[in-house]
Amino acid sequence: MGKLALKDLNPQQRAAVTAPDGPALVLAGPGSGKTRVLTYRVAWLTLERSVPPGQVMAVTFTNKAAREMRERLQHLLGHARAGSLTLGTFHATCARILRREAKVAGIPRDYVIFDADDQRTLVRQVLRELDIDVKQYRPTAVHGAISRAKNELIPPEAYQPSSYFGEIVRRVYERYQERLRANGGLDFDDLLVETVRLFREHPEVLGRYQERYLHALVDEFQDTNMAQYILLRQLAARHRNLFAVADEDQSIYRWRGADYRNITRLREDYPDLAVYLLEQNYRSTQTILDAAQAIIRRNPNRTEKRLFTRRGTGLKVTVHEAYDQDEEARFVVNTIAELTLQGKARPGECAVMYRTNAQSRALEEAFLRAGLPYRLVGATRFYARREIKDLIAFLRLIHNPTDATSLTRIINIPPRGIGKRTLLALEEAARARGVPLWQIVEEVGTHQDTPLLGGRAQGAVTRLYRMVRGWIEAREGATVVQLMDQVLAETGYEAYLRDGTEEGDDRWNNVQELRAVAAEYAGLTLTDFLADVALVSDVDNLADGVDAPTLLTLHSAKGLEFPVVFITGLEEGLLPHSRSLDDPESLAEERRLMYVGITRARDRLYLTYAFRRVRYATSEPNAPSRFLEALPPHLTEGSRIRSGKRRVEQAIAWTTSWTPTATPSFTTGDRVMHRVFGRGVVLESQARGDDEEVTVAFETAGLKRIMGSYLTPAD
DNA sequence: TTAGTATTAATTTTT
DNA sequence: TTAATACTAA
């Protein structure tokens with residue numbers, strides 16, 4: 001012993017790290033150093049048990065987690081050994097296996113990965129083909145159902161519809177899968193499904209991997225889905241060295257097919273499973289931990305953990321009621337500014353979390369107005385942006401011309417005279433003859449006499465064909481950047497994007513950014529570039545070293561920690577989200593989401609909610625989240641949380657008394673109430689847009705000019 | 001037939 | 001606020 005220093009670990013952690021061979025499960029609370037345990041376990045296996053790192057597979061939840069883990073292992077093991085470790089997300093690992101085993105798996109070696117956006121496009125296409133009303137059967141809903149089926153490893157032919165909607169799904173699923181294959185594509189879910197299938201149908205291939213991977217380790221096991229679980233079981237069947245780290249209270253991806261009951265399954269499937277507990281929290285103050293416990297304790301069917309910390313009581317949790325999302329944002333920005341000025345925190349130590357990406361806008365505006373920088377995770381994810389998807393579609397087409405989804409995306413971008421009608425004719429011809437769309441384009445482009453199209457359209461298609469043909473020929477010996485430059489130049493994409501508006505310039509900047517990413521791929525092939533681009537998430541690209549607050553959703557906050565955390569929008573309908581109110585399981589997940597958010601905080605926690613919030617472009621009154629009421633009053637300071645029901649009534653009364661027209665609702669002599677300044681009498685009122693400016697003489701604060709929306713009538 | 005403009009409807013979370 | 005669709009001018 002002694003090659004690896006374990007003295008920094010507590011006894012619980014050390015026991016897990018040095019667990020004997022065999023199946024093991026680490027049940028860990030937040031901030032208990034579970035990722036650390038995982039990392040040390042790998043190092044320990046290598047250094048103390050002489051397991052070659054090449055025979056260890058570790059699966060993380062995000063690429064970022066994988067990268068960080070590799071960096072730490074580079075310190076512990078050295079570059080060479082850390083490099084030979086198989087380390088990545090399920091999806092990335094499967095993508096690599098499928099690429100390697102493409103032939104046996106019956107998958108084209110140069111398959112393209114369809115992301116959620118592509119999947120939805122394809123579903124929409126299929127719905128149109130089957131003459132199904134997209135208004136009645138929403139592509140997102142249908143796609144969700146298909147995705148769920150896939151994650152449960154149910155193929156189209158085994159899909160059992162239990163309703164008419166299910167019947168629609170079954171039909172679409174079948175056709176969708178055909179089209180996907182015809183496009184040479186695998187969607188996100190297929191990466192897992194196809195790997196499981198490969199292993200099932202080809203035991204000799206599975207045998208090789210089973211033999212190779214002496215140890216398999218998984219982080220965030222509570223968020224694995226059925227396919228992922230089966231995959232782990234397949235891989236670990238030979239050596240039975242499966243090491244899983246989980247916290248069922250942090251399971252927040254049920255909607256994506258994740259099933260925390262995999263923890264129970266693991267116990268059942270491996271009766272000799274060794275279970276280790278990590279209960280000491282190294283992150284948060286006791287107050288924050290107590291607040292988190294108060295929330296999560298209300299969830300049924302969970303095993304209570306005794307979380308404790310040695311960090312002391314700490315500060316109270318600040319609860320703040322704002323008038324609307326703008327005032328909420330101002331509160332956040334002001335508080336961060338104050339903390340920074342007082343030297344209590346650096347800007348980069350603060351995080352602002354919210355349930356939905358749409359909430360980031362008001363926050364961004366407040367930061368911009370205050371002239372403070374911020375880092376935004378998600379929102380319009382970089383790789384989901386139109387211009388980026390366009391450019392990638394061009395590259396995908398070069399990579400694999402049969403990818404009809406990419407072809408239809410860019411066939412008329414920038415506009416080149418191939419409109420709806422022409423595209424329809426081409427698609428019709430392709431379908432009729434059962435050949436890829438590209439083949440029709442090729443025929444039109446090479447044979448001059450096609451009865452299919454009119455002269456003008458034929459010319460346009462021919463020009464497109466020749467252009468793409470040229471790129472495909474240039475592909476050999478060209479780097480990704482060179483190809484990209486050629487595409488940009490020949491399509492005139494810059495001129496198309498830069499239409500003189502600021503937005504156009506922004507979009508062009510994004511293209512430049514993608515070009516910069518491609519430049520880093522100097523030695524890599526187009527295939528690698530496309531695979532990587534499809535599998536990165538936004539958190540992965542979160543730049544370190546910028547000292548600015550981070551804005552992110554509660555989901556993307558998983559696995560991170562910050563000294564100062566704001567959770568905003570704690571309102572009924574938002575957190576818990578309105579979509580989850582009717583289902584107890586979903587509601588429990590919302591509570592876990594809140595729990596995850598709270599437990600990201602080390603020292604300071606702010607919980608904010610707004611009285612009114614703009615949703616669907618209209619401002620609506622909101623009641624404070626039920627989760628706030630679960631907080632014991634002795635842990636909090638700031639706004640008192642009033643009962644949700646009463647507030648809704650108040651809000652409704654208030655709304656009806658308020659006329660959004662230019663007619664002032666306050667007149668001289670009215671008695672009014674302000675949250676901060678208290679009671680007062682109106683001296684004068686003037687319309688201001690859809691609000692009004694009211695001059696009020698307050699009893700204590702004196703004469704103030706206030707926007708009418710900040711005032712309530714007092715009797 | 002295409003391309004640009006108006007309109008209408010919808011809007012959780014992401015590997 | 002966006003994205004898909006309907007409408008209109010060229």
Side-chain angles (χ1 to χ4, degrees), chain A residues 59-66 88-95 113-117 119-121 124 127-128 134-135 138-141 143-144 147 150-151 187-192 220 223-225 227-228 251-258 353-362 377-381 383-386 412-425 453-458 460 496 499 503 532 534-540 552-559 569 573-581 586 589-590 592-594 596-597 614-618:
Chain A
V59 188
T60 54
F61 195 71
T62 61
N63 292 304
K64 185 181 182 234
T89 60
F90 273 106
H91 289 86
T93 308
C94 289
I113 298 171
F114 274 51
D115 68 17
D117 209 59
Q119 285 174 279
R120 226 162 299 132
T121 312
R124 186 179 294 277
L127 285 168
R128 244 202 321 258
V134 284
K135 293 225 171 86
R138 246 164 251 318
T140 30
H143 166 230
S147 182
K150 285 191 172 188
N151 286 324
D187 65 19
F188 264 117
D189 309 311
D190 278 341
L191 292 174
L192 306 171
E220 309 284 9
D223 277 321
T224 51
N225 61 34
Q228 291 165 334
S251 161
I252 53 175
Y253 283 95
R254 198 179 76 103
W255 52 273
R256 202 169 83 183
M353 302 174 188
Y354 35 81
R355 177 64 234 267
T356 66
N357 281 309
Q359 288 168 255
S360 73
R361 188 164 298 271
V377 181
T380 10
R381 300 150 56 78
Y383 287 98
R385 293 196 163 105
R386 200 187 66 206
N412 199 32
I413 285 182
R416 55 172 69 88
I418 305 176
K420 264 198 304 241
R421 216 66 199 220
T422 307
L423 178 59
L424 209 66
L453 304 169
R456 202 151 51 108
Q458 184 173 317
Y496 163 69
D499 51 1
E503 195 200 342
D532 277 17
L535 293 171
V536 291
S537 77
D538 235 45
V539 204
D540 300 334
L552 74 180
T553 62
L554 288 161
H555 281 90
S556 36
K558 179 175 154 135
L574 207 51
L575 186 67
H577 195 271
S578 50
R579 292 271 185 147
S580 57
L581 292 180
S586 308
E589 180 144 314
E590 297 289 305
R592 292 195 290 269
L593 204 46
M594 171 93 177
V596 167
V614 175
R615 256 184 127 183
Y616 318 139
T618 49

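In what follows, every chain begins at residue 1, and chains take the letters A, B, ... in the order their sequences are listed. Both backbone and side-chain heavy atoms feed into the values below; hydrogens, waters and symmetry mates do not. This structure is a prediction, so every number in the text was calculated from the model and none was measured.
Checked against C/dT5, B/dT14, B/dT1, the side chain of A/Arg124 finds its nearest nucleotide in C/dT5. Of all nucleotides listed (B/dT2, B/dA3, B/dT15), B/dA3 comes nearest to the side chain of A/Asn412. In the set C/dC7, C/dT5, B/dT15, the nucleotide with an atom closest to the side chain of A/Ala116 is B/dT15. Checking B/dA3, B/dT15, B/dT13 against every side-chain atom of A/Trp255, the shortest atom distance belongs to B/dT13. Of the listed nucleotides (C/dT5, B/dT14, B/dT15), C/dT5 has the atom at the smallest distance from the side chain of A/Arg128. Checking B/dT1, B/dA3, B/dT14 against the side-chain heavy atoms of A/His555 singles out B/dT14 as nearest.
Residue A/Ala457 is the one, among A/Ala457 and A/Glu590, whose nearest nucleotide of DNA chain B lies closer to the 5' end (criterion: closest heavy atom). When each of A/Lys420 and A/Arg361 is assigned the nucleotide of DNA chain C with its nearest heavy atom, A/Arg361 is the one assigned upstream, toward the 5' end. The residue among A/Thr422 and A/Thr356 whose nearest nucleotide of DNA chain B is located toward the 5' end is A/Thr422.
The C1' atoms of C/dA4 and B/dT13 are separated by 23 Å, rounded to the nearest whole Å.
Note that OG1 of A/Thr121 is 10.0 Å distant from NE2 of A/His143, once rounded to the nearest 0.5 Å. Within the model, atoms CZ of A/Arg124 and CZ of A/Arg138 stand 9.5 Å from one another, a figure rounded to the nearest 0.5 Å. Rounded to the nearest 0.5 angstrom, A/Phe188 CZ and A/Cys94 SG are separated by 12.0 Å.
Summarising the geometry, the separation between CG on A/Asp223 and C1' on B/dT13 is reported as 11 Å, rounded to the nearest angstrom. A straight line from CZ of A/Arg421 to C1' of B/dA3 spans 15 Å, rounded to a whole angstrom. One atom, NZ of A/Lys558, and another, P of B/dT15, lie 11 Å apart when rounded to the nearest Å. Summarising the geometry, the separation between CZ on A/Arg120 and P on B/dT15 is reported as 13 Å, rounded to the nearest angstrom. In this structure, A/Leu423 atom CG and C/dT5 atom C1' are separated by 16 Å, rounded to whole Å. Following rounding to the nearest Å, A/Arg579 (CZ) and B/dT13 (C1') show an atom-to-atom distance of 11 Å. Taking atom CZ of A/Phe61 as the reference point, atom C1' of B/dT13 lies 11 Å away to the nearest angstrom. In this structure, NE2 of A/His91 is placed 5 Å from C1' of B/dT15, rounded to the nearest angstrom.
Residue A/Ser556 has no polar side-chain atom (N or O) positioned under 4.0 Å from OP1 or OP2 of B/dT13. Proximity of A/Asn151 to the phosphate of B/dT15: no side-chain N or O atom is located under 4.0 Å from OP1 or OP2. Phosphate contact (OP1/OP2 of B/dA10, side-chain N/O of A/Arg138, threshold under 4.0 Å): present. In this model, the phosphate group of B/dT14 is approached by a side-chain N or O of A/Thr553 to a distance below 4.0 Å at OP1 or OP2. Of the side-chain N and O atoms in A/Asn357, one or more sit less than 4.0 angstrom from OP1 or OP2 of B/dT14.
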**OP:** Show your working on side-chain contact (heavy atoms from CB on, under 4.5 Å) between A/Leu554 and A/Leu575 and close with a plain yes or no.
**Re:** CA-CA 10 Å; A/Leu554 288 161; A/Leu575 186 67; 3.8 Å; yes
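In this structure, A/Arg256 reaches the bases: a heavy-atom distance under 4.0 Å links it to at least one base atom across the strands shown. Contacts of A/Ser578 with the nucleic acid, taken as non-hydrogen atoms under 4.0 Å apart, are absent.
Side-chain atoms of A/Thr224 never come within 3.5 Å of backbone atoms of A/Glu220 as a donor-acceptor pair (strictly under, hydrogens ignored).
Stacking is found between A/Phe188 and the pyrimidine-like six-membered ring of the B/dT15 base under the 5.5 Å centre-distance and 30° plane-angle cut-offs. Stacking between A/Tyr253 and B/dT13 is absent: the aromatic ring centre is not both under 5.5 angstrom from the base six-membered ring centre and within 30 degrees in plane angle.
No donor-acceptor contact under 3.5 angstrom links the side chains of A/Thr140 and A/Arg120, judged on distance only. Checked by atom type, the side-chain pair A/Thr356/A/Gln359 shows a donor-acceptor distance below 3.5 Å.
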